[in-house]
Asker: 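Just passing along the structure, written as structure tokens.
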Amino acid sequence: MSKKMFISAKHISDMSKVIWGSGKMYVRLSYPLEAYVPAWPGTPQLQLEPLMQLSAGDVANTFLLHLHNHIGTHYDAPNHYVKDGLSISELPLEYFIFTCPLRVELPKGERELITAADLAPHREEIAGCDLLLLDTGFSRWRSEDPNKYESEGPGLSAEAAAWLVEYAPHLRAVAVDFVSLASYRAQNDGNEAHRTLFRGKNGHFICGIEDVDLNQIRNKCVKRVFAMPLWVRGIDSAPASLLAEVE
């Protein structure tokens with residue numbers, strides 16, 4: 001006979017990053033949205049406007065969210081940089097379900113760029129993956145020094161983006177543990193990196209997933225990743241929830 005389990009709010013909070021279901025373990029790779037989220041400098045922060053409130057005698061709680069589409073963990077579709085590129089709601093479903101994810105550790109400090117030379121030693125593995133998780137370790141500054149995380153972060157170089165387009169035929173997205181594929185201190189190169197990935201080659205393009213929490217998958221085997229953005233028509237990108245199946 002099955003037993004009912006009663007879980008307190010505290011336990012729910014403690015368990016929010018790891019969920020067991022059907023014998024499988026899942027880890028959340030997206031950060032929660034809240035009043036202040038480290039982001040690209042100048043990005044408007046989330047604003048919550050209460051509409052109905054139980055505390056005011058209303059029958060339910062409701063809120064109006066004022067939300068920038070590049071705040072927190074978010075998914076960039078090609079239309080972010082390519083005029084005729086697909087928007088977030090136009091992407092095929094396979095761009096949100098990854099069955100061959102690969103995490104690569106590439107330690108980087110302030111303003112350092114990921115280069116083609118950094119990726120080359122992993123060429124064989126990258127050639128077979130559909131999601132590349134670039135773990136630089138820079139995410140430590142997200143909580144320790146948000147200003148550094150926002151404006152002094154690393155980036156993916158344009159040459160590295162071109163290398164991925166050339167040597168990663170199955171790659172559908174690159175996920176990074178820093179605020180943007182572009183380093184704030186190397187914006188021209190970062191803009192070109194975005195364009196290179198989103199334009200792709202011979203109809204194959206690569207999307208970007210930024211500000212991803214990779215801390216929970218270190219020393220774990222990642223089997224699958226699910227990326228679930230807000231499906232809003234007419235926008236280039238959207239905040240996303242990411243779950244990884246691990247063992």
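The shown structure was predicted, so the numbers you read here are calculated from the model rather than taken from an experiment. In this chain, numbering begins with 1 at the start of the sequence shown.
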Asker: Could you check Leu242 against Thr73 for side chain to side chain contact (heavy atoms under 4.5 Å, CB included), going step by step and ending with a plain yes or no?
Answerer: CA-CA 8 Å; Leu242 271 66; Thr73 305; 4.1 Å; yes
Asker: If you compare all heavy atoms of Arg224 against all heavy atoms of Tyr26, which two are closest, and at what distance to 0.1 Å?
Answerer: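 Taking Arg224 first and Tyr26 second, the nearest heavy atoms are NH2-OH, 4.1 Å.
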Asker: Taking it one step at a time, do Glu94 and Arg172 satisfy salt bridge (Lys or Arg N to Asp or Glu O under 4.0 Å)?
Answerer: CA-CA 8 Å; Glu94 58 262 31; Arg172 297 197 291 273; over 6 Å; no
Asker: Around atom CD of Glu124, are there more than 12 heavy atoms of other residues, nucleotides or ligands at under 6.0 Å?
Answerer: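 It does not: Glu124 CD has 12 such atoms or fewer within range.
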Asker: Please give me the minimum heavy-atom distance between Ala244 and Ile217, naming the atom from each residue.
Answerer: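 Heavy atoms only, the tightest pair is CB-CG2, 4.3 Å.
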Asker: Let me see the working for Phe96 and Tyr75 under ring pair (Phe, Tyr, Trp, His ring centres under 6.0 Å), right down to the final yes or no.
Answerer: CA-CA 10 Å; Phe96 308 113; Tyr75 196 119; 5.4 Å; yes
Asker: Are Ile71 and Tyr184 co-members of a hydrophobic cluster defined by side-chain heavy atoms under 4.5 Å apart?
Answerer: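 No, Tyr184 does not connect to Ile71 through the hydrophobic network.
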Asker: Quick check: His80 with His70 (ring centres under 6.0 Å apart)?
Answerer: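 Yes - the distance between ring centres of His70 and His80 falls below the 6.0 Å cut-off.
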Asker: Flag yes if Ile209 and Leu91 sit in one hydrophobic cluster, no otherwise; membership is Ile, Leu, Val, Met, Phe, Trp, Tyr, and two members link when side-chain heavy atoms are under 4.5 Å apart.
Answerer: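 In one cluster: yes.
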Asker: Among Val176, Leu197, Leu113, Asp189, which residue meets the side chain to side chain contact (heavy atoms under 4.5 Å, CB included) test with Leu156?
Answerer: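 For Leu156, the side chain to side chain contact (heavy atoms under 4.5 Å, CB included) check succeeds only for Leu197.
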Asker: Do the side chains of Val222 and Pro101 get nearer than 4.5 Å, heavy atoms only?
Answerer: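 Answer yes - side chains close enough.
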Asker: Within the distance-only criterion (no hydrogens, no angle test), does the side chain of Ser241 pair as donor or acceptor with the backbone N or O of Met228 below 3.5 angstrom?
Answerer: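 Flag not set: sc Ser241 to bb Met228 has no pair under 3.5 Å.
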Asker: Ring of Phe205, cation from Arg199 - is the NZ or CZ under 6.0 Å from the centre and inside 45° of the axis?
Answerer: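 No; the conditions do not both hold, so Arg199 does not lie above the ring face of Phe205.
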Asker: Is there side-chain contact between Thr136 and Phe178, with at least one heavy-atom pair below 4.5 Å?
Answerer: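 Answer yes - side chains close enough.
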Asker: Quick one: pull up CG in Leu171 and CG in Asp130 and give me the separation to the nearest 0.5 Å.
Answerer: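 Spacing of CG (Leu171) from CG (Asp130) equals 7.5 Å.
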Asker: Is a side-chain donor or acceptor of Glu150 paired with a backbone partner of Ala39 at a separation under 3.5 angstrom?
Answerer: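 Judged by distance alone, yes, a pair lies under 3.5 Å.
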Asker: Would you mind telling me which of Asp213, Asp211, Asn215 makes a side chain to side chain donor-acceptor pair (under 3.5 Å) with Arg142?
Answerer: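 So, applying the side chain to side chain donor-acceptor pair (under 3.5 Å) to Arg142 and each of Asp213, Asp211, Asn215, only Asp211 qualifies.
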Asker: Does Lys148 offer a backbone N or O that forms a donor-acceptor pair with the side chain of Ser151 under 3.5 Å?
Answerer: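 Side chain of Ser151 to backbone of Lys148: no pair is present.
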Asker: Compare every heavy atom of Gly85 with every heavy atom of Pro78, then report the nearest pair and how far apart it is.
Answerer: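 Of all heavy-atom pairs spanning Pro78 and Gly85, the closest is CB-CA, 4.0 Å.
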Asker: Looking at OG1 of Thr62 and CE of Met52, how far apart are the two atoms once the value is rounded to the nearest 0.5 Å?
Answerer: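 Here the interatomic distance stands at 5.5 Å.
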Asker: For the pair Asp145 and Arg140, evaluate salt bridge (Lys or Arg N to Asp or Glu O under 4.0 Å) and give the outcome as yes or no after the intermediate values.
Answerer: CA-CA 8 Å; Asp145 190 340; Arg140 62 172 289 192; over 6 Å; no
Asker: Any non-hydrogen side-chain atom of Gln45 less than 4.5 Å from a side-chain atom of Val37?
Answerer: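 Touching, per the 4.5 Å side-chain cut-off.
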Asker: Out of curiosity, does Ile97 fall in the hydrophobic cluster containing Val174 (side-chain heavy atoms, cut-off under 4.5 Å, transitive links)?
Answerer: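 Result: no, two separate clusters.
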Asker: Looking at every non-hydrogen atom in both residues, tell me the closest pair between Ala160 and Thr115 and how far apart they are.
Answerer: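 Here Ala160 and Thr115 meet closest at CB-C, 3.7 Å.
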Asker: To the nearest 0.5 Å, tell me how far Glu247 CD sits from Lys24 NZ.
Answerer: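 So the gap between those two atoms works out to 10.5 Å.
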Asker: Any chance you could measure Cys100, atom SG, to Leu132, atom CG, to the nearest 0.5 Å?
Answerer: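 Reported value, rounded in 0.5 Å steps: 12.5 Å.
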Asker: If you apply the rule side chain to side chain contact (heavy atoms under 4.5 Å, CB included), what do you find for Lys220 with Met25, and how did you get there?
Answerer: CA-CA 11 Å; Lys220 290 184 174 66; Met25 185 165 72; 4.0 Å; yes
Asker: Kindly compute the distance separating SG (Cys207) from CD1 (Ile88), expressed to the nearest 0.5 Å.
Answerer: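 Separation between the atoms: 7.0 Å.
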Asker: Determine yes or no for a side-chain-to-main-chain donor-acceptor pair under 3.5 angstrom, with Arg185 supplying the side chain and Gly153 the backbone.
Answerer: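 Pair absent, no side-chain N/O of Arg185 close to backbone of Gly153.
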Asker: Checking side chain to side chain contact (heavy atoms under 4.5 Å, CB included) for the pair Leu164/Thr196: CA distance, chi angles, key distance, verdict?
Answerer: CA-CA 9 Å; Leu164 289 172; Thr196 298; over 6 Å; no
Asker: Determine, step by step, whether Leu33 and Leu67 satisfy the side chain to side chain contact (heavy atoms under 4.5 Å, CB included) criterion, reporting the C-alpha distance in whole Å, the side-chain angles of both residues, the deciding distance to 0.1 Å, and the verdict.
Answerer: CA-CA 10 Å; Leu33 291 173; Leu67 181 65; 3.9 Å; yes
Asker: Is there a side-chain contact between His68 and Trp40 in this structure, where contact means two heavy atoms from C-beta onward sitting under 4.5 Å apart?
Answerer: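 No, side chains not in contact.
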Asker: Between Phe138 and Lys108, is any pair of side-chain heavy atoms under 4.5 Å apart?
Answerer: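 Sidechains of Lys108 and Phe138: no contact.
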Asker: Same cluster or not: are Val104 and Leu29 linked, directly or through other Ile, Leu, Val, Met, Phe, Trp or Tyr residues, by side-chain heavy atoms under 4.5 angstrom apart?
Answerer: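 Different clusters: Val104 never reaches Leu29 through Ile, Leu, Val, Met, Phe, Trp or Tyr contacts under 4.5 Å.
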Asker: When you compare the side chain of Leu243 with that of Arg28, does any pair of heavy atoms fall below 4.5 Å?
Answerer: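 Yes; the side chains approach each other to less than 4.5 Å.
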Asker: So which atom in Ala77 and which in Leu86 form the shortest heavy-atom distance, rounded to 0.1 Å?
Answerer: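 Reported closest heavy-atom pair: CB-O, 3.4 Å.
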Asker: More than 12 heavy atoms of other residues, nucleotides or ligands under 6.0 Å from CZ of Arg218: yes or no?
Answerer: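 Check passes, neighbour count above 12.
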Asker: Between Tyr167 and Trp163, what is the ring plane arrangement, given parallel below 30°, perpendicular above 60°, and tilted in between?
Answerer: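 It falls in the tilted class, 30° to 60°.
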Asker: Measure from the side-chain N and O atoms of His122 to the backbone N and O of Ala120, and report whether any donor-acceptor pair falls under 3.5 Å.
Answerer: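 No; judged by distance alone, with no hydrogens or angles, the pair does not exist.
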Asker: Keeping Asp135 on the side-chain end and Gly137 on the backbone end, is there a donor-acceptor pair under 3.5 Å?
Answerer: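 Confirmed, Asp135 side chain pairs with Gly137 backbone.
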Asker: What is the minimum heavy-atom distance between Ser157 and Ile114, and which atoms define it?
Answerer: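 Distance-wise, the nearest heavy atoms are OG-O, 2.7 Å.
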Asker: What's the spacing between Glu105 CD and Asp177 CG if we round to 0.5 Å?
Answerer: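 It is 10.0 Å, given to the nearest 0.5 Å.
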Asker: Phe198 and side chain to side chain contact (heavy atoms under 4.5 Å, CB included): which single residue from Asn79, Asp76, Ile206, Val165 fits?
Answerer: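 Only match with Phe198 under side chain to side chain contact (heavy atoms under 4.5 Å, CB included): Asp76.
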Asker: Using the rule that two of Ile, Leu, Val, Met, Phe, Trp, Tyr join whenever any of their side-chain heavy atoms come within less than 4.5 Å, decide whether Tyr36 and Trp141 are in one cluster.
Answerer: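 In one cluster: no.
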